[in-house]
Structures are given as C-alpha cells and as structure tokens.
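Some notes on the structure that comes next.
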Amino acid sequence: MATVYFVTHPEDVVDPQVPVPDWGLSTVGWTRIEAFCQRPELAGVTDVFTSDERKAMDCAEALQRARGLPFATREDLRENDRSATGYVAPPRFWEIVDQFFGEPDTSILGWETARAAQARIKVGVAACIAARSGTGDLVIFAHGGVGTLLLSDLKGEPISRRHGQPIAGGGCYFAFDRESRALHHGWRDIVPEAVGAAP
C-alpha cells in the first residue's frame with residue numbers, strides 16, 4: 001500500500017516587512033530539507049504536492065532537484081489565514097496560537113478558525129490523493145499548524161495543540177496509509193542527526 005508523507009517546512013527567514021506567505025527558507029532550512037530529500041524512504045515517491053506559500057514551495061523545489069519529481073501547488077494546503085493581524089512577534093504570537101487551538105470554533109483576532117482550517121485541509125489532502133498521477137508514495141509539503149490539524153483528524157481526536165510538531169522551527173514529518181488513512185508513525189525530525197543545526 002502506498003504511503004503519504006506529510007512534511008513541514010524547516011527554518012525560514014523571518015522578515016516582518018514581508019508578508020508571511022512569502023517568507024522563504026533560511027540557510028539552515030535549506031540544508032535540512034536537502035538532506036531530507038536524500039532519505040531512502042522517499043525512493044518510492046511518484047507524486048508531490050505543496051502549499052503555495054514560498055517556504056513550502058522551496059521544499060518541493062529541493063525534492064524536484066534531488067529526484068526529478070514535478071510538483072503541484074494547492075492553496076488549500078496553506079497555513080491558517082492570519083492576514084487579519086499580519087506578523088505577530090513572539091511571545092504574543094504563541095499566546096494567540098494557544099487560543100486558536102484551544103477555541104477551535106472561535107475566530108481569534110480575525111484569524112480563520114481552527115475548525116474551518118481543518119475542514120479546508122482535509123479537502124486539500126483528499127484532493128492530492130485523488131489527483132495522484134503515479135502508483136507510488138506521495139509527499140505533501142505544508143506547515144506546522146496544518147500538520148497539527150491534520151494529525152488531530154487522522155487520530156480521530158479533538159483539535160489540540162498537543163498534536164503539534166515537536167520542533168518549534170519546523171522540519172518534521174509523519175506518514176500514513178494512502179487508502180485507509182491509518183498512521184504509520186507520528187512526528188519525526190526530517191533529519192534526525194540534526195544536519196545544519198546551530199551549535
């Protein structure tokens with residue numbers, strides 16, 4: 001049975017003067033995703049999909065260079081819509097994120113609700129699976145919040161930040177069966193040996 005690898009982008013360049021969806025990967029982020037693209041379990045991948053945010057597309061471009069795989073972008077794989085506030089610096093940002101996951105039916109400061117984002121993401125992932133052109137595995141590149149909402153659904157559990165990726169800077173993945181949606185494993189570091197990590 002084919003596997004779906006859901007991958008979050010690693011470290012990006014935080015620039016308050018640039019819209020968040022336009023942020024690209026940092027030098028460390030590029031190093032980590034390029035190492036991930038060499039992992040042997042990706043040898044069976046035939047289809048690649050990505051959020052249309054720049055940092056996720058950077059990941060898909062890295063995989064395309066490494067393995068010659070084309071990719072398709074999907075707007076419904078984007079992070080939750082936070083355009084009402086724009087960039088919010090930590091620690092305030094993480095306080096809002098706690099509210100976002102803790103009150104999934106409430107729009108926090110005008111953000112898209114967690115419930116609406118989860119429904120959108122489920123449609124997007126299903127569309128990726130339906131649109132596959134090959135018979136092999138799939139890779140979906142997206143974002144931490146997207147993965148938290150998707151993993152909550154795959155586990156059949158309420159929306160909760162406790163399903164979030166274990167690395168704050170991003171760069172994690174989980175895998176599930178393409179047909180049954182059963183999890184093969186939860187979050188893992190894209191590069192367990194921490195390639196490119198700061199000392």
Taking all non-hydrogen atoms of both residues into account, name the closest pair between [X] and [Y] and its distance.
| X | Y | result |
| --- | --- | --- |
| G147 | F6 | CA-CE2, 3.3 Å |
| V146 | E79 | N-OE1, 3.2 Å |
| W187 | C172 | CE3-CB, 3.4 Å |
| P10 | G29 | CG-O, 3.2 Å |
| R54 | G24 | CG-CA, 3.9 Å |
| G68 | P70 | O-CD, 3.6 Å |

Not counting sequence neighbours, list each pair that qualifies as a ring pair (Phe, Tyr, Trp, His ring centres under 6.0 Å) and has a residue in residues 126-155.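 The answer is H9-H143.
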hydrophobic_cluster_shared for [Y] and [X], side chain cutoff 4.5 Å:
| X | Y | value |
| --- | --- | --- |
| V4 | V48 | no |
| Y5 | L183 | no |
| I121 | I108 | yes |
| Y87 | V97 | no |

Spacing of [atom1] belonging to [X] relative to [atom2] belonging to [Y], to within rounding of 0.5 Å:
| X | Y | atom1 | atom2 | value |
| --- | --- | --- | --- | --- |
| Q38 | R67 | CD | CZ | 6.0 Å |
| D153 | I159 | CG | CD1 | 8.5 Å |
| W111 | Q99 | CH2 | CD | 9.0 Å |
| F36 | R188 | CZ | CZ | 11.0 Å |
| D98 | I96 | CG | CD1 | 10.0 Å |
| I167 | D189 | CD1 | CG | 3.5 Å |

Go through the steps for T106 and T113 under the test side-chain contact (heavy atoms from CB on, under 4.5 Å), then give the verdict. CA-CA 6 Å; T106 301; T113 69; 5.8 Å; no
Could you tell me whether the side chain of [Y] reaches within less than 4.5 Å of the side chain of [X], counting heavy atoms only?
| X | Y | result |
| --- | --- | --- |
| V7 | I190 | yes |
| I129 | R181 | yes |
| D12 | W23 | yes |
| E157 | S152 | no |
| I140 | L77 | yes |
| V45 | L69 | yes |
| T3 | D177 | no |
| V20 | K55 | yes |

All side chain to side chain contact (heavy atoms under 4.5 Å, CB included) counterparts of A2, not counting sequence neighbours: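 Residues passing side chain to side chain contact (heavy atoms under 4.5 Å, CB included) with A2: D137, R178.
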Test: E95 and R92 ion pair at under 4.0 Å: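 Here E95 pairs with R92 in a salt bridge, since their nearest N and O are under 4.0 Å apart.
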With a 4.0 Å cut-off on N to O distance, would you call E112 and R82 a salt bridge?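 So E112 does not pair with R82 through a salt bridge.
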Going through the checks in order, is the side-chain contact (heavy atoms from CB on, under 4.5 Å) test met by L42 and L63? CA-CA 10 Å; L42 301 185; L63 187 58; 4.2 Å; yes
For the residue pair [X] and [Y], confirm or rule out a side-chain donor-acceptor distance under 3.5 Å.
| X | Y | result |
| --- | --- | --- |
| D47 | S133 | yes |
| R39 | Y173 | yes |
| Q165 | T8 | yes |

Run the side chain to side chain donor-acceptor pair (under 3.5 Å) test against [X] and tell me which residues pass, sequence neighbours left out.
| X | result |
| --- | --- |
| R74 | D76 |
| R115 | D105 |
| T73 | none |
| T135 | none |

Derivation of the ring-ring contact (aromatic ring centres under 6.0 Å, His included) call for F100 and W94: CA-CA 10 Å; F100 171 78; W94 296 114; over 10 Å; no
Could you walk me through whether V125 and F49 pass the side-chain contact (heavy atoms from CB on, under 4.5 Å) check? CA-CA 9 Å; V125 170; F49 298 89; over 6 Å; no
For T46 and G136, indicate whether the former's side chain and the latter's backbone hold a donor-acceptor pair under 3.5 Å.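 Yes; judged by distance alone, with no hydrogens or angles, the pair exists.
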Show your reasoning for whether side-chain contact (heavy atoms from CB on, under 4.5 Å) applies to D58 and W30. CA-CA 8 Å; D58 283 350; W30 275 110; 3.5 Å; yes
